[in-house]
There are 2 protein chains.
Amino acid sequence: MGWDEVDDSACPVARALAVVGDRWTLLILRELFFGTHRFDDLQALTGASSHLLATRLRRLEEDGVVARRQYNDRPPRYEYTLTPKGRDLQPVMFALRSWGAKWHARSSKEEPALSLVHASCGAPVEAAMICPSCGEPCTNADLRASFGKTFAAERRARLEAFQARKRSD
Amino acid sequence: MGWDEVDDSACPVARALAVVGDRWTLLILRELFFGTHRFDDLQALTGASSHLLATRLRRLEEDGVVARRQYNDRPPRYEYTLTPKGRDLQPVMFALRSWGAKWHARSSKEEPALSLVHASCGAPVEAAMICPSCGEPCTNADLRASFGKTFAAERRARLEAFQARKRSD
DNA sequence: CAGTATCCTCGAGGATACTG
DNA sequence: CAGTATCCTCGAGGATACTG
């Protein structure tokens, strides 16, 4: 199964991954979140080759995650910014940052390499999950996944197809 | 720059990506979050080949994200579960799910294919960011990134090295 | 059921050079 | 500064077969 097929899954995680589930893509998006928007700067700060960077930016533009704007006429110069769709990836970045900082810290007492601060009060922000129904904060252990009908059916179909294929060998 | 080097960055996002920044890895982790823990089921539900699945599971085990437990002696049978480190990836999954559901919905009025429900009250949970200092909920626009000294220095070094390399051509 | 062993393909991406 | 154009490598992963 290639990723064009995964793209078709009913699972929103799979569909998200089909667009942004790639190391370089995510690293480039990180830079765009930081406010880097020039090609050369993106190249320097991510370490990607120009070829790779151009490819990824083109794909991100096609997917509506990144907008390319011409900021100079002659010579033509472009800058890259996040669209609203791209900005909506912030929770993904933030979650990756928190996990990386917690489980892959370089030293036990390292200063936070990256924090998100509340622009109005300057305090660093941490993520929290609040149950909108009972108002309680919930930890991972309090949560369980629940499937919609379509996705549940897709899963059953996958399992059956796989078993049938195995039997036929 | 290969990903072994990115792994060395001061950026927690980059270090997280070096471990889990891969489509298949993330898709397999999704399944583990759903409670799938047998090899064949993982294969069927992700669509990965056995070779690919074995490779990814081995890597995830080495990275301490997944634990392999023998649940049968003869023949030896293993099952895969998330370690605490792996379970901590839940916000990443959840953020991907929300983004995928919002921006890559298959129809405008589709039922949610996947939700996280609060185990104690059964209500679906959404993520919210609360500023721990002022107690206000904040949206993406209220937040800005702030770099630690090490990461800031690394970024300056990258920019300078890149410019020097360009000049020398 | 849960993989391992081989072989082979093919395409992503690096290197290098060039451009307005 | 912001890329495009080519060429070429090499390694990820598919296909197939096999195993306790």
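Lettering of chains follows the sequences in order, A, B, ..., and the numbering in each one begins at 1.
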* Hey, could you give me each pair passing ring pair (Phe, Tyr, Trp, His ring centres under 6.0 Å) that has a residue in residues 123-147 of chain A? Not counting sequence neighbours. => A/Phe147-A/Phe151, A/Phe147-B/Phe34

* **Contact letters for nucleotides 15-20 of chain C, in which S counts primed atoms plus P, OP1 and OP2 and B counts the base, heavy atoms under 4.0 Å** => -----B

* Considering just the side-chain nitrogens and oxygens of A/Tyr78, establish if one lies under 4.0 Å of OP1 or OP2 belonging to D/dT4. => no

* **Residue pairs fulfilling salt bridge (charged side-chain N to carboxylate O under 4.0 Å, His left out) with at least one residue in residues 85-97 of chain B, sequence neighbours excluded** => A/Lys102-B/Asp88, B/Arg97-B/Glu126

* Asked: Below 4.0 angstrom from OP1 or OP2 of D/dA2, is there any side-chain N or O of A/Arg69?
  -> no

* To do: Ignoring backbone atoms, test whether B/Arg56 places a side-chain nitrogen or oxygen under 4.0 Å from the OP1 or OP2 oxygen of D/dG13.
  => yes

* Structure fact -> Checking D/dT4, C/dG14, D/dG13 against the side chain of A/Leu52 (C-beta onward), the nearest is C/dG14

* To do: Give me the bend of the helix from C/dC1-D/dG20 to C/dG20-D/dC1, using the axes of the five pairs at each end, rounded to 10°.
  => 60°

* Asked: Do the side-chain N or O atoms of B/Tyr80 get closer than 4.0 angstrom to the phosphate oxygens (OP1, OP2) of C/dG3?
  -> yes

* A/Asp22 CG to D/dA12 P: how many Å, rounded? -> 15 Å

* Structure fact -> Taken in chain and number order and not counting sequence neighbours, the residues that satisfy side chain to side chain donor-acceptor pair (under 3.5 Å) with B/Asp41 are none

* To do: May I ask you to say what A/Phe162 touches in the nucleic acid, namely base, sugar-phosphate or nothing, with a heavy-atom cut-off under 4.0 Å?
  => nothing

* Asked: Can you list every pair that meets salt bridge (charged side-chain N to carboxylate O under 4.0 Å, His left out) and has a residue in residues 143-154 of chain B, with sequence neighbours left out?
  -> B/Glu154-B/Arg158

